[in-house]
Colleague: 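Before we start, here is the structure in question, set down as C-alpha cells.
Hydrogens, waters and symmetry mates are skipped; everything else that's a heavy atom, side chains included, is used. Model, not experiment: these values are computed from the prediction.
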Amino acid sequence: MKILGLDVGEKRIGVARVDSSTRIAVPVSYIEVNGNEWQELSRLTNVHSTKFFVIGLPRSNEGNETKQSLYARNFAKTLTEKIPGAKIRFQDESLTSVEAESRLKTRQKNYEKGDIDAEAASIILQDFIENFTEDSIKEEPLPGIIENSAKKVAKKARLNSKKAIESSKKIVKKTRKNLIITPIIIVAVIAAICAGIVFWYFNSLGPIVKNCEDNRCPDVEFTILPGDSVDTITNNLAEAKLIKSPFFFKINLKLSFGDAVLKSGRYILNQGMDANAIARILSEGADADVFSFTIKPGETIFDIKKNLIALGYRAEEIDEALHIEYDIPVLSDKPIGDTIEGYLFGETYEFYNNAPVKDIFETFLMGTNKIVEENNLVNRFADQGLNLHQGITLASIVQKEAKTADQPMVAGIFLNRLSQGIQLGSDVTVSYALDVLNPDRNRDDIAVGDALQVDSPYNTRLYAGLPYGPISNPGLSAMEAVADPTDTDYLYFLTGDDGKMYYSYTEEEHNQNIRVHCQVFCNVSL
C-alpha cells in the first residue's frame, strides 16, 4: 500500500512517500501554499496512486494540542472535501523540523526551507509506518490520533502521579482526624519517591545541553560496529556524553521503538539531541559512508598498494601496514619481518571512509584465517610435506601459472619437482623477483634471457626449492590444488599460444611442445 505523508505549514507543505511493503519513508518535495496546493496534492495522488494521507499533528512538550494542531485538523477536513475518497491519519509530532534540519546538516548538503519540510514529512511518515498494519485501516475518513508509546507512558505517569497526590491528601485528612502521624509520613515518603522516579526518568531522556546555540553543541562522530550489543551501544553513548542514563535509554528504546534494531554505521550526533531523537537516528541507520575494496586472486602487494593509493591512501601508511606483525593464527608460520604477501585472501569487503590501512589488511587477514580453518588446509598441506607458509607460497605460484581447471595438475608437477630436487623453473617467480627490485619497471626494458638470470631468492630458475615467500595472494582454488594435487608423473608443463596446457615427462618433450605450441606466449616479456 502506498501512503503520502504531509508536514502542513501555513507557507509550505512538506511531502513524503512510503510503500507498506518496504516501510522506508523518503522525502518527495514540498508545495507552496498559494491557492494551488489542492491541485498539486490531487496531482500527487495520481502520480503515486494513493489517496491515503498521514498528516503530522503538532503537540507541545506537555503533549497538548496547539494552535498549529487546529490548523492541521482544518487542513485535513478541507483535504477530504477537495479530494473525494481521501483517507486521513494523524501522527503526533514535535520538533520534527528541528530534527529534519539536523539531518540535512549532517549530510553536508545544500538545502532550502522546503527541503526541511519534505524531510520532516518523511520523519512523520516513518513514525507512522513503524506501527502500521493494513488490518488497522478503518472506513471513517478522520480516525483518532495515533500516539507513540513514549507519550502514552508520560501521560500514564502524570495520571499516576496525580492519583498518588490525591490519595495522599485523603490519607492526610484521615490521619489528622485520628491523630495518627506515622502513616502520613510513610505515604508522603512513598509519594515523593514515586514523583522523584518519574521526574528522574523523563529528565534522563532529555538532551545533555538544552539549548544548542553559539556552537555549544559541536558534532560528535559516533560509530556502531557490526555485532555491538545494545548494552555496548548505550554505554558508548554515555561515554561520549550523548545520553544521561544507559538504563533509562534502554527502557525508553523498548517502550517507544519496540523491536527496533540499532544499526551499525557511523553517525553524526550532538548533545542537543534527546534520547528519542538519538534512538530514532540509530534505528533508521546511517547514511552511506562506506566504500568497497576488492583484492582479486593473484594480485600482489604491489597491485594492492596502487589500488589503495588510488583511493587516497598514503604510500607510507600502506608500507607500514604491510610490515605490521598482526596477531592472527594464519600468520604463525610466516617469517618475522616479512610482508603479508600471500595472506590477503581475495574477497570484497566494505569499510568506513578513512578506515586505517591496518584495519583493512586485518579484515582480509581474518578472512584468510577463516578460509584456512574451514578447509583444514594446515593438515592437508602437511599431507603434502608442507607447512602452512610453504603451502601458501606454492599456491601463489600455481595461482599465477594456471587456470582453475589446470591448477591441480600443475600443483602435482611442482610437488614432483620438489621431491626430486629439480628446480621449479617458474617464470612467474622471476617476474615477481623483478617487481621486488622495481615495482614500477617497464617490462620491455630487460630481455627475457637477462631477466631469467636476476639474482633473487624468488628466482626459481636459479635456485632450487620454493621461493623465499609467496609471490601473490592465491585464491581458494589454488590452495585447494596444493592441498589435493593430481597424482601424476609429469615433470613439465606450458601454456600454449592457443591458451591450452601441454604436459610432458622429459625436457626433450617439453622443448618439442614449446616449438609446436608456444612460439609467441613463451617469449613474452617478464
Colleague: Phe128 versus Ile3: any side-chain heavy-atom pair under 4.5 Å?
Modeller: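 A side-chain contact exists here, since the closest heavy-atom pair is under 4.5 Å.
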Colleague: Quick check on Asn379: does its CG atom have over 12 non-hydrogen neighbours (other residues, nucleotides or ligands) under 6.0 Å away?
Modeller: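 More than 12 heavy atoms, drawn from other residues, nucleotides or ligands, come within 6.0 Å of this atom.
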Colleague: Between the side chain of Asn369 and the main-chain N/O of Leu365, is any donor-acceptor distance below 3.5 Å?
Modeller: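 Pair absent, no side-chain N/O of Asn369 close to backbone of Leu365.
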Colleague: Calculate, to the nearest 0.5 Å, the distance between atoms CG and OG1 belonging to Leu242 and Thr234 respectively.
Modeller: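 With rounding to 0.5 Å, CG (Leu242) is 12.0 Å from OG1 (Thr234).
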Colleague: Does Phe247 have more than 12 heavy atoms from other residues, nucleotides or ligands lying within 6.0 Å of its CZ?
Modeller: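 At most 12 heavy atoms, drawn from other residues, nucleotides or ligands, come within 6.0 Å of this atom.
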Colleague: Could you tell me whether the side chain of Phe248 reaches within less than 4.5 Å of the side chain of Ile243, counting heavy atoms only?
Modeller: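 No; the side chains remain at least 4.5 Å from each other.
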Colleague: Taking 4.0 angstrom as the limit, do Arg43 and Glu40 come out as a salt bridge?
Modeller: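 Yes, Arg43 and Glu40 are salt-bridged.
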Colleague: Do you see a donor-acceptor pair shorter than 3.5 Å between the side chains of Thr300 and Asp303?
Modeller: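 The answer is yes; a qualifying pair exists.
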Colleague: Under the side chain to side chain contact (heavy atoms under 4.5 Å, CB included) criterion, do Glu37 and Ile13 qualify, and how do the steps go?
Modeller: CA-CA 8 Å; Glu37 61 269 20; Ile13 302 167; 4.1 Å; yes
Colleague: Cation-pi check, Arg73 to Phe90: give yes when NZ or CZ is under 6.0 Å from the six-membered ring centre and within 45° of the ring axis, no otherwise.
Modeller: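 Ring-cation test returns yes.
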Colleague: Could you please spell out the steps behind the side chain to side chain contact (heavy atoms under 4.5 Å, CB included) verdict for Phe132 and Arg23?
Modeller: CA-CA 9 Å; Phe132 170 80; Arg23 308 182 78 84; 4.2 Å; yes
Colleague: Can you confirm whether Leu311 sits close enough to Phe293 that some side-chain heavy atom of one is under 4.5 Å from a side-chain heavy atom of the other?
Modeller: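 A side-chain contact under 4.5 Å exists here.
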Colleague: Can you see whether Thr294 engages Thr348 through a side-chain donor-acceptor pair at a distance of less than 3.5 angstrom?
Modeller: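 Yes - a donor-acceptor pair under 3.5 Å links their side chains.
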Colleague: Does some side-chain heavy atom of Arg280 sit less than 4.5 Å from a side-chain heavy atom of Asp127?
Modeller: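 Answer yes - side chains close enough.
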Colleague: How many angstroms lie between OG1 in Thr363 and CD in Glu350, if you round to the nearest 0.5 Å?
Modeller: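 Answer rounded to 0.5 Å: 12.0 Å.
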Colleague: Taking Ser472 for its side chain and Glu299 for its backbone only, find out whether a donor-acceptor pair lies under 3.5 Å.
Modeller: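 No; judged by distance alone, with no hydrogens or angles, the pair does not exist.
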Colleague: Would you compute the distance between atom OG of Ser264 and atom CG of Leu225 and round it to the nearest 0.5 angstrom?
Modeller: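 If I round to the nearest 0.5 Å, the distance is 8.0 Å.
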Colleague: Can you tell whether the side chains of Lys250 and Asp231 come within less than 4.0 Å, N to carboxylate O?
Modeller: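 Looking at Asp231 together with Lys250, the answer is yes, because their closest N to O distance falls below 4.0 Å.
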Colleague: Listed by chain and number, what are the ring pair (Phe, Tyr, Trp, His ring centres under 6.0 Å) partners of Tyr326, not counting sequence neighbours?
Modeller: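 Partners of Tyr326 by the ring pair (Phe, Tyr, Trp, His ring centres under 6.0 Å) criterion come out as none, since no residue qualifies.
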Colleague: How close do Phe361 and Ile318 get, heavy atom to heavy atom, and via which atoms?
Modeller: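 Nearest heavy atoms, Phe361 then Ile318: CE1-O, 4.0 Å.
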Colleague: Give the minimum heavy-atom separation between Glu119 and Pro27, together with the two atoms involved.
Modeller: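 Taking every non-hydrogen atom into account, OE1-CG, 3.3 Å.
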Colleague: Quick one: does Leu253's side chain get under 4.5 Å of Leu262's, heavy atoms only?
Modeller: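 Result yes, sub-4.5 Å side-chain heavy-atom pair found.
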Colleague: Would you give the length of the straight line joining atom CG of Asp7 to atom CD1 of Ile55, rounded to the nearest 0.5 angstrom?
Modeller: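 Here the interatomic distance stands at 10.5 Å.
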Colleague: Would you give the length of the straight line joining atom CD of Gln39 to atom CD1 of Ile83, rounded to the nearest 0.5 angstrom?
Modeller: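 Answer rounded to 0.5 Å: 11.0 Å.
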Colleague: List the atom of Gly14, the atom of Ala121, and the distance in Å for their closest heavy-atom pair.
Modeller: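 Taking Gly14 first and Ala121 second, the nearest heavy atoms are O-CB, 3.5 Å.
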Colleague: Supply the atom-to-atom distance Asn376 CG to Phe381 CZ, rounded to the nearest 0.5 angstrom.
Modeller: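 Going from CG on Asn376 over to CZ on Phe381, the span is 10.5 Å.
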Colleague: Side-chain donor-acceptor pair under 3.5 Å between Thr393 and Ser396, yes or no?
Modeller: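 The criterion, which ignores hydrogens and geometry beyond distance, is not satisfied for Ser396 and Thr393.
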Colleague: Hey, does Ile233 have a side-chain heavy atom less than 4.5 Å from the side chain of Phe222?
Modeller: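 Of all side-chain heavy-atom pairs linking Ile233 with Phe222, at least one is under 4.5 Å.
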Colleague: Is it the case that more than 12 heavy atoms not belonging to Asn34 sit under 6.0 Å from its CG atom?
Modeller: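 Counting neighbours around CG of Asn34, more than 12 heavy atoms of other residues, nucleotides or ligands fall under 6.0 Å, so yes.
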Colleague: Identify the heavy atoms of Lys51 and Gly85 that sit nearest to each other, and give their distance.
Modeller: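 Here Lys51 and Gly85 meet closest at CB-O, 4.0 Å.
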Colleague: Examine distances only and state if a side-chain atom of Asp115 and a backbone atom of Glu112 form a donor-acceptor pair shorter than 3.5 Å.
Modeller: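 A pair under 3.5 Å: yes.
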Colleague: Enumerate the salt bridge (charged side-chain N to carboxylate O under 4.0 Å, His left out) contacts for residues 9-19, please, sequence neighbours excluded, ordered by first and then second residue.
Modeller: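 As it turns out, the salt bridge (charged side-chain N to carboxylate O under 4.0 Å, His left out) pairs with a partner in residues 9-19, which skip direct neighbours, are Arg12-Asp117.
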Colleague: Which atom names give the shortest non-hydrogen contact between Ser102 and Met273, and what distance separates them?
Modeller: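 Taking Ser102 first and Met273 second, the nearest heavy atoms are OG-CE, 3.3 Å.
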Colleague: Only pairs under 3.5 Å count here: list side-chain donor-acceptor contacts from residues 334-345, not counting sequence neighbours, and write none if there are none.
Modeller:
residue: Lys334; atom: NZ; partner: Asp338; partner atom: O; Å: 3.0
residue: Asp338; atom: OD1; partner: Tyr468; partner atom: OH; Å: 2.8
residue: Asp338; atom: OD2; partner: Tyr468; partner atom: OH; Å: 3.4
residue: Thr339; atom: OG1; partner: Glu341; partner atom: N; Å: 3.2
residue: Glu341; atom: OE1; partner: Ile301; partner atom: N; Å: 3.2
residue: Glu341; atom: OE1; partner: Asn473; partner atom: ND2; Å: 2.9
residue: Glu341; atom: OE2; partner: Ile301; partner atom: N; Å: 3.1
residue: Glu341; atom: OE2; partner: Tyr432; partner atom: OH; Å: 2.7
residue: Tyr343; atom: OH; partner: His389; partner atom: ND1; Å: 2.5

Colleague: Between Ala100 and Ala120, what is the shortest heavy-atom contact and its length?
Modeller: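 Closest approach of Ala100 to Ala120: CB-N, 3.5 Å.
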Colleague: Starting from the C-alpha separation in whole Å, work towards a yes-or-no answer on side chain to side chain contact (heavy atoms under 4.5 Å, CB included) for Asp319 and Lys305.
Modeller: CA-CA 8 Å; Asp319 290 335; Lys305 182 177 178 179; 3.0 Å; yes
Colleague: Looking at Asn46, Thr45, Leu44, which one forms a side chain to side chain contact (heavy atoms under 4.5 Å, CB included) with His48?
Modeller: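 Exactly one candidate clears the test, Leu44.
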Colleague: Please test Leu237 against Ile278 for side chain to side chain contact (heavy atoms under 4.5 Å, CB included), starting from the C-alpha separation and ending with a verdict.
Modeller: CA-CA 10 Å; Leu237 285 169; Ile278 291 174; 4.2 Å; yes
Colleague: Are Leu125 and Ile129 close enough that some pair of their side-chain heavy atoms sits under 4.5 Å apart?
Modeller: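 A side-chain contact is absent here, since even the closest heavy-atom pair is not under 4.5 Å.
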Colleague: With under 30° as parallel and over 60° as perpendicular, where do the rings of Tyr349 and Phe364 fit, or are they tilted in between?
Modeller: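 The arrangement is perpendicular - the two ring planes meet at more than 60°.
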Colleague: Looking only at the side chains, is there a donor atom on one of Glu99 and Thr96 sitting less than 3.5 Å from an acceptor on the other?
Modeller: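 No pair is found: no donor N or O on one side chain lies under 3.5 Å from an acceptor on the other.
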Colleague: Does any N or O in the side chain of Glu480 come within less than 3.5 Å of the main-chain N or O of Leu377, such that one atom is a donor and the other an acceptor?
Modeller: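 No.
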Colleague: Determine whether Tyr30 and Glu32 make a side-chain contact, defined as any pair of heavy atoms from C-beta on separated by less than 4.5 Å.
Modeller: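 Contact flag for Tyr30/Glu32 side chains = yes.
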Colleague: Does Glu320, at its CD atom, have more than 12 non-hydrogen atoms belonging to other residues, nucleotides or ligands within less than 6.0 Å?
Modeller: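 No - once you tally the heavy atoms of other residues, nucleotides and ligands closer than 6.0 Å, there are 12 at most.
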Colleague: Using a distance-only test with no angle check, is there a side-chain donor-acceptor pair under 3.5 angstrom linking Ser256 and Asn252?
Modeller: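 Yes, because at least one side-chain N or O of Ser256 sits under 3.5 Å from a partner of the opposite role on Asn252.
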Colleague: Determine, for Glu317 against Lys358, whether the closest basic-nitrogen to carboxylate-oxygen distance falls under 4.0 angstrom.
Modeller: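 Lys358 and Glu317: not salt-bridged.
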Colleague: In plain terms, say whether Glu284 and Arg103 are close enough for a salt bridge, that is, a side-chain N and a carboxylate O under 4.0 Å apart.
Modeller: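 Salt bridge present between Glu284 and Arg103.
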